[in-house]
Amino acid sequence: MTDTATASTQPQAEKPKKKRRINLTGAILISLCLGIVVGIICSVTIPSGSTVDNILIEGVFYVLGQWFIRLMQMIVVPLVFCSIVCGAASMSDPKLLGKVGVGTILAYLLTTACAVLIAIGLAQALQPGVDLDMNAVVQVKPSATTTDQTIPAMLIGIIPTNVINAMATGSMLQIIFFALILGFILGRLGKKVATVNRFFTQFNAVMMKMISLVLVVAPVGIFCLIARTFANLGLSGILPMVKFIGVVYLGLIVQVLVVYMLLLVVFTRLNPFHFLHKFLPVMLFAFSTSSSNATIPLNMETLEQKVGVDRRITSFTIPLGATINMDGTAIMQGAAVVFIAQAFGINLTPAMLATVVLTAVSASIGTAGVPGVGTIMLAMVFDSIGLPAEGVAMIMGIDRILDMGRTAVNITGDAVVTTIMAKLAGMLDVSVFKNRDYSSVDAGSLDAPTEPTTADEFTAHGDPVEIGEAGDPDKFENIEEPLVQSDREK
Ligand code: ASP
């Protein structure tokens, strides 16, 4: 625990040095609002397919927005891999990792089931699909779906046959699996593999630096993403579906303000509003990018630096959550089922609704944390109870608007469960949580470059040799020396 405290107090001590600190939260908010306004103006003034549309919206906005998302995604695989290796290596008690793992997965599943139930309840009460003008709804033909993955296939797929391929294709569960084993072994071998340990710790720190570099361009990237979204949709695309969009957003708000806040109070006794305040930049980021995966780096950093969660927990639970926990997506799917059933005059029986809860929870596990996949998985949910596939086409027309909100909730769910698990495992530094520093993680650190960095400054947890030495040093004595090492050490 002491290293957590030291690591988390370090950024505090450095603070006075940063004079011209960029407030990332404010910058993201401004870009978001500007993006919405500019997007709506463009949708009214620039005809689709015109030269200006091709140059500005489908040119500049599209390219800059995609560059920004790709920059974030570029960091995800190496960052997730390295931080899980480091986290697992410094877990002195592997049983704790097991307990945290099982607890996290259970909590992820339960919160998702709760999310679908809320959505179904709200949609039944508010009836967004009754009296819908079907002709006014924009319908988009769903592209090829990737919903045929069965549960056994998904379970088998957790173990990679080729780890390089897993990294190349960004298969998060496979990467997590390999990294956990590698980290665990490095932790057991400790000093004997100090060079490898040091490499991972330092590489991790390099990734952190890269995140703060990319965050500097976040406001521009976010503006372009949002402006293009609204320019393409336009108000006329949104209006006929406004009631449905409203129900989904209401469900998302209930999930955050009621379910998550209650869970935080009950399990951690922390002030939930303080949590939300600190977490807001991450939600805005997810809202703008519609990608849980691209938000992983910022989510992990914020939980560690602002909330006080030990990196050994975030490094594992956040990438896992971005892959299997999609509460916001489940809310959209639950509401969509009721909406489409109402629009087509189909009666939903309790058995059908129970099937929807089960399928939405498994769809959540199978949904990748990238834009739009939740709606593709919706086809599987509709299929499970025989709803017409045209329904998916109707939702696709306004998908991006829903995707922004649901992704913000998806990653908030991951963060809340992570904070609870950290608290239960005694790996939450409450003093970090309690400080009044609401600024986003240090995008502004680049503003005031410091002297050449030492290895210590680079590492997230102080001295790199700490990794793998967290437990009882005697345990290493019982492990046979690896061949490579024995030559050198003799
Ligand atoms: N965009 C969502 C995410 O990244 C997934 C989805 O629902 O489409 O979490």
Side-chain angles (χ1 to χ4, degrees), residues 65-66 68-70 72-73 75-77 80 108-109 111-112 115-116 118-119 140 142-147 149 170-173 221-222 225-226 228-229 233 244-245 248-249 251-252 255-256 260 279 282-300 317-337 339 356 359-382 392-393 395-418:
Q66 288 305 309
F68 170 62
I69 292 204
R70 280 165 169 261
M72 260 352 241
Q73 285 171 336
I75 308 173
V76 169
V77 169
V80 165
Y108 281 161
L109 295 180
T111 47
T112 308
V116 199
I118 289 174
V140 176
S143 45
T145 60
T146 50
T147 58
Q149 211 189 18
S171 310
M172 215 51 88
L173 289 180
I222 285 171
L225 285 172
I226 298 290
R228 178 170 177 266
T229 299
L233 266 178
F244 171 63
I245 297 174
V248 172
Y249 270 82
L252 297 174
Q255 179 78 5
V256 173
Y260 294 158
F279 196 67
V282 192
M283 293 177 85
L284 292 176
F285 189 92
F287 185 84
S288 325
T289 58
S290 293
S291 170
S292 296
N293 277 3
T295 314
I296 291 175
L298 185 62
N299 200 351
M300 279 167 55
T317 57
I318 294 300
L320 183 71
T323 314
I324 69 164
N325 185 41
M326 305 276 169
D327 298 349
T329 304
I331 288 177
M332 178 278 286
Q333 292 171 342
V337 164
F339 170 68
V356 169
T359 359
V361 173
S362 29
S364 158
I365 301 174
T367 304
V370 290
V373 184
T375 313
I376 294 175
M377 296 302 268
L378 185 63
M380 171 175 128
V381 182
F382 277 17
V392 179
I395 310 276
M396 285 238 166
I398 43 141
D399 187 46
R400 192 61 186 220
I401 297 277
L402 303 172
D403 203 359
M404 297 194 297
R406 68 182 188 243
T407 308
V409 173
N410 287 345
I411 55 96
T412 310
D414 304 341
V416 167
V417 169
T418 297

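When a ligand or atom number is given, it counts from 1 through the structure's own listing order.
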**Prompt:** Polar-atom distance check: Thr375 versus ligand 1, any N or O pair below 3.5 Å?
**Reply:** no
**Message:** Would Asn410 count as being in polar contact with ligand 1, using the rule that some N or O on each side must be under 3.5 angstrom apart?
**Reply:** yes
**Enumerated ligand 1 atoms positioned under 4.0 Å from heavy atoms of Ser291** = 4 (O)
**Request:** Identify, by atom number and element, the atoms of ligand 1 in contact range of Gly372, meaning under 4.0 Å from any of its heavy atoms.
**Result:** 8 (O)
**Request:** Return a yes/no value for Arg406: is any of its N or O atoms, backbone included, closer than 3.5 angstrom to an N or O of ligand 1?
**Result:** yes
**Prompt:** Under 4.0 Å from any heavy atom of Thr329, which atoms of ligand 1 are there?
**Reply:** 5 (C), 6 (C), 7 (O)
**Asked** What residue and atom, counting heavy atoms only, is the protein's closest point to atom 5 (C) of ligand 1, and at what distance?
**Response** Val370 O, 3.6 Å
**Fill in**
Under 4.0 Å from one or more heavy atoms of Val373, ligand 1 contributes atoms 8 (O)
**Item:** Atoms of ligand 1 close to Gly369 [distance to a heavy atom under 4.0 angstrom, numbered from 1]
**Value:** 3 (C), 4 (O)
**Prompt:** Is there a nitrogen or oxygen of Gly374 sitting under 3.5 Å from a nitrogen or oxygen of ligand 1?
**Reply:** yes
**Item:** Proximity to ligand 1 by part of Ile411, non-hydrogen separation under 4.0 Å
**Value:** neither
**Message:** Counting non-hydrogen protein atoms only, what is the nearest one to atom 9 (O) of ligand 1? Give residue, atom name and distance.
**Reply:** Ser292 OG, 2.4 Å
**Prompt:** Against heavy atoms of Met326, which atoms of ligand 1 measure under 4.0 Å?
**Reply:** 9 (O)
**Complete:** Ser290 heavy atoms within 4.0 Å reach ligand 1 at atoms 1 (N), 4 (O)
**Fill in**
the protein heavy atom lying closest to atom 1 (N) of ligand 1 turns out to be Asp403 OD1, 2.7 Å
**Request:** Indicate the ring-plane relationship of Phe285 and Phe68, choosing parallel, tilted or perpendicular according to the 30° and 60° boundaries.
**Result:** perpendicular
**Item:** Distance-minimising heavy-atom pair for Ala363 and Val381
**Value:** CB-CG2, 4.3 Å
